[in-house]
Amino acid sequence: MNNKDKILLCDVDDVLGSLVSPTLSIYNKIYDDNLNTSDITEWDITKFVKPECGNKIYDIMTSPSIYDIVTPLEGALDGINFIRSEGIRVVFVTAAFLSVAGRKFIWLEDNDFQPTKENYIETFDKSLIIGDYMIDDNLTNVRSTNAKNKILFNAPWNLGLKWSGNRANNWNNIIELYKIWTNNKEDNG
Ligand SMILES: [Mg+2]
């Protein structure tokens, strides 16, 4: 199998663009708090916000306007472009509530990630999607994917989770891992 037959399943939120950070800046203003991304040490963000906010944090996080202030992570666009230059098909796979359906496609376009309708999938069950490589910050997705080569993208909410597979701190790490995989021509989890 050569590279052009291979598929990277790439998450969007907090892998290509920072979602938790702008969510917290809006939350801090509304609820007069001082939370940072590093304070969110579990996936369930409601555990860290004030009780009067609770589930309302998701009103902020899943509002289409949040993507007006989501910014690309350092190295993400270069990383995607490099992987594409290797002949890999990049498919953006993202869990999207109905409130933001389609909004992340526009965000990807606006930030030069060049999504196409064939290479953009919204789903909460990423195990259904066929791929060779996966990058995601949600351990559930990394565990359940059928992709052989997978990377957990480090974030404060997954650092405490037990995972013996590959982790990356940033896009440089991802490219290093990708090069190791392709040089060794082996499939490592
Ligand atoms: Mg994510």
Side-chain angles (χ1 to χ4, degrees), residues 7-27 35-49 55 57-77 79-80 83 90-111 113 115 119-129 131 133-147 149-163 165-175 177-178:
I7 294 171
L8 164 66
L9 307 175
C10 189
D11 183 27
V12 176
D13 295 326
D14 289 301
V15 167
L16 296 178
S18 59
L19 176 61
V20 169
S21 173
T23 298
L24 290 180
S25 23
I26 294 174
Y27 158 81
L35 281 180
N36 290 309
T37 304
S38 58
D39 297 318
I40 314 302
T41 53
E42 290 181 50
W43 188 261
D44 183 359
I45 193 171
T46 62
K47 290 184 180 176
F48 305 95
V49 299
N55 282 323
I57 191 70
Y58 294 117
D59 295 343
I60 300 170
M61 204 172 206
T62 65
S63 144
S65 61
I66 194 77
Y67 288 92
D68 298 345
I69 55 170
V70 167
T71 52
L73 295 190
E74 191 179 345
L77 181 58
I80 292 294
I83 288 167
V90 176
V91 178
F92 303 107
V93 188
T94 185
F97 287 90
L98 287 180
S99 56
V100 285
R103 180 62 184 90
K104 295 189 235 189
F105 186 95
I106 295 165
W107 182 87
L108 290 165
E109 280 190 324
D110 289 347
N111 289 280
F113 287 99
N119 292 333
Y120 177 84
I121 297 169
E122 293 184 349
T123 179
F124 279 85
D125 187 353
K126 299 185 181 182
S127 73
L128 298 172
I129 313 300
Y133 305 98
M134 171 184 259
I135 305 166
D136 208 295
D137 65 312
N138 184 341
L139 183 57
T140 304
N141 294 331
V142 176
R143 281 196 198 284
S144 68
T145 182
N146 63 66
N149 295 298
K150 42 204 182 175
I151 298 173
L152 181 63
F153 197 84
N154 281 342
W157 43 91
N158 67 37
L159 286 179
L161 300 176
K162 193 170 157 51
W163 169 242
N166 292 298
R167 285 177 176 266
N169 283 319
N170 51 48
W171 273 87
N172 280 340
N173 288 166
I174 290 171
I175 299 305
L177 278 168
Y178 168 80

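Just follow the structure's listing: the first ligand is 1, and inside any ligand the first atom is 1.
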* Does the side chain of Leu152 reach to within under 4.5 Å of the side chain of Asn166, using non-hydrogen atoms? -> no
* Asked: Rounded to the nearest 0.5 Å, what separation is found between the OG atom of Ser25 and the CD1 atom of Ile66?
  -> 7.0 Å
* To do: Walk me through it: do Lys150 and Asp136 pass the test salt bridge (charged side-chain N to carboxylate O under 4.0 Å, His left out)?
  => CA-CA 8 Å; Lys150 42 204 182 175; Asp136 208 295; over 6 Å; no
* Tell me, yes or no, whether the heavy-atom count around Phe97 atom CZ, taken from other residues, nucleotides or ligands under 6.0 Å, exceeds 12. => no
* **Straight-line distance of Asn169 CG to Leu159 CG, nearest 0.5 Å** => 8.0 Å
* Structure fact -> Atoms listed for the Mg ion (ligand 1) (protein only, N, O or S, under 2.8 Å, no waters) are Asp11 OD2, Asp13 O, Asp137 OD1
* To do: Give, for atom CG of Asp39 and atom CG of Leu24, the distance between the pair rounded to the nearest 0.5 Å.
  => 8.0 Å
